[in-house]
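Take a look at the structure below.
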Protein chains: 2
Amino acid sequence: MNNVAANSSLLPDAESLRANASDASQMLKALSHPDRLMLLCQMADGSERSVSELEILADLHQPSLSQQIGVLRREGLIEGRRDGKHMFYRVADPRALAILHTLYEQFCGAS
Amino acid sequence: MNNVAANSSLLPDAESLRANASDASQMLKALSHPDRLMLLCQMADGSERSVSELEILADLHQPSLSQQIGVLRREGLIEGRRDGKHMFYRVADPRALAILHTLYEQFCGAS
DNA sequence: TATTCATAATTTAATAATGTATATTGTTGT
DNA sequence: ACAACAATATACATTATTAAATTATGAATA
């Protein structure tokens, strides 16, 4: 009999909870940056954005923007596709998308 | 005519978006810490928890726990009530509660 | 006086922000 | 093919900020 079967409750046990909290906090950390959040908001509807488009919005020097994009990419929150000279990014993690939607509801006015 | 009225779209303009992103990222920053997230999870159903109860779960030295609780309190995410020798905390920000619910759905299995 | 919790202060370590330079990839004109 | 340019990524150094962990102490209550 393993621990999962031994846990009769629907709630995760302390060990699982800790692992989940670790995963979640790692993603939240990537989200908890004004510039990165702005960038993600532009893709929160599932659409793609080019780096050029994002650059206009973000008001960052190009290397800084690229660095923040790199953080999101390494965390698996976004994925890129090249088209000619341009890179297009989209949100690649459904969990991130769900969080972004909640954030939009809570911080950008009623749904 | 103000800027709000001038914006015919339902989407927030860049300025508002930036302000909202700043607010949201500040809250996310408070959430994006495994220990703090664990603590909040214990109160995610709206219930109160005493510091003693939280201490058992968190596996932290008492001053560290108190420090993390202090972060959550200063950010307005939780509020406390004294009952005799004990302090009871609960999640005091509905936005935080909404995020916690989404996190639970996404990271603690289907709900 | 013992318990429960918070705060202060310190040290150490980690992270982030910024700027400059350069590399890579692809496009275009010759 | 080659030169020049545009878009993006990376590397690196610097500086500043923030976090983690300890130890010690303070305040409230019983």
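Note: hydrogens, waters and symmetry copies are ignored here, and every other heavy atom, side chains too, is used. We name chains A, B, ... by the order of the sequence lines, and we start the count at 1 in each one.
- At whole-Å resolution of the value, CD in Q68(A) and C1' in dA9(D) are 14 Å apart.
- Checking dA19(D), dT22(D), dT8(D) against every side-chain atom of S64(B), the shortest atom distance belongs to dT22(D).
- Across every non-hydrogen atom of A24(A) and L37(B), the tightest pair is CB-CD2, 3.7 Å.
- Considering only side-chain atoms of Q62(B), the nucleotide from dT22(D), dG26(C), dC5(C) that sits closest is dC5(C).
- Across dC5(C), dT8(D), dA20(D), the shortest atom-to-atom separation from the side chain of V51(A) is found for dT8(D).
- Between the C1' atom of dA6(D) and the CG atom of L65(A) lies a distance of 16 Å, rounded to the nearest Å.
- We find that CD1 of I69(B) is positioned 14 Å from P of dT4(C), with the value rounded to whole Å.
- To the nearest angstrom, C1' of dT8(D) lies 13 Å from CZ of F88(A).
- Out of dA9(D), dT7(C), dT8(D), the shortest distance to the side chain of H86(A) is found at dT8(D).
- Counting any heavy atom pair closer than 4.0 Å across all strands shown, Y89(A) reaches sugar-phosphate atoms only and no base atom.
- With rounding to whole Å, E53(B) atom CD is found 19 Å from dT3(C) atom P.
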Could you walk me through whether E53(A) and Q42(A) pass side-chain contact (heavy atoms from CB on, under 4.5 Å), step by step? CA-CA 9 Å; E53(A) 290 177 292; Q42(A) 295 302 110; over 6 Å; no

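- D93(B) CG to Q106(A) CD: the interatomic distance, rounded to the nearest 0.5 Å, is 8.5 Å.
- Atom P of nucleotide dT4(C) and atom NE2 of H61(B) are separated by 17 Å, given to the nearest angstrom.
- Here the nucleotide nearest the side chain of Q67(A), chosen from dT22(D), dT18(C), dT8(D), is dT18(C).
- The nearest whole Å value for the distance from the CZ atom in R82(B) to the P atom in dT3(C) is 16 Å.
- In the displayed structure, H61(A) atom NE2 is contacted under 6.0 Å by at most 12 heavy atoms of other residues, nucleotides or ligands.
- No side-chain donor-acceptor contact under 3.5 Å links S66(A) to the backbone of P63(A).
- Of the candidates dA9(D), dT18(D), dT3(C), dT3(C) carries the atom nearest the K85(B) side chain, counting heavy atoms from C-beta on.
- With distances taken from any side-chain atom of R73(A) to the nucleotides dT22(D), dT10(D), dT8(D), the minimum falls on dT10(D).
- Whole-Å rounding puts the D35(A) CG to dA16(C) P distance at 13 Å.
- Taking only side-chain atoms of S66(A), from C-beta outward, the nucleotide of dT25(C), dA9(D), dA6(D) with the closest atom is dA9(D).
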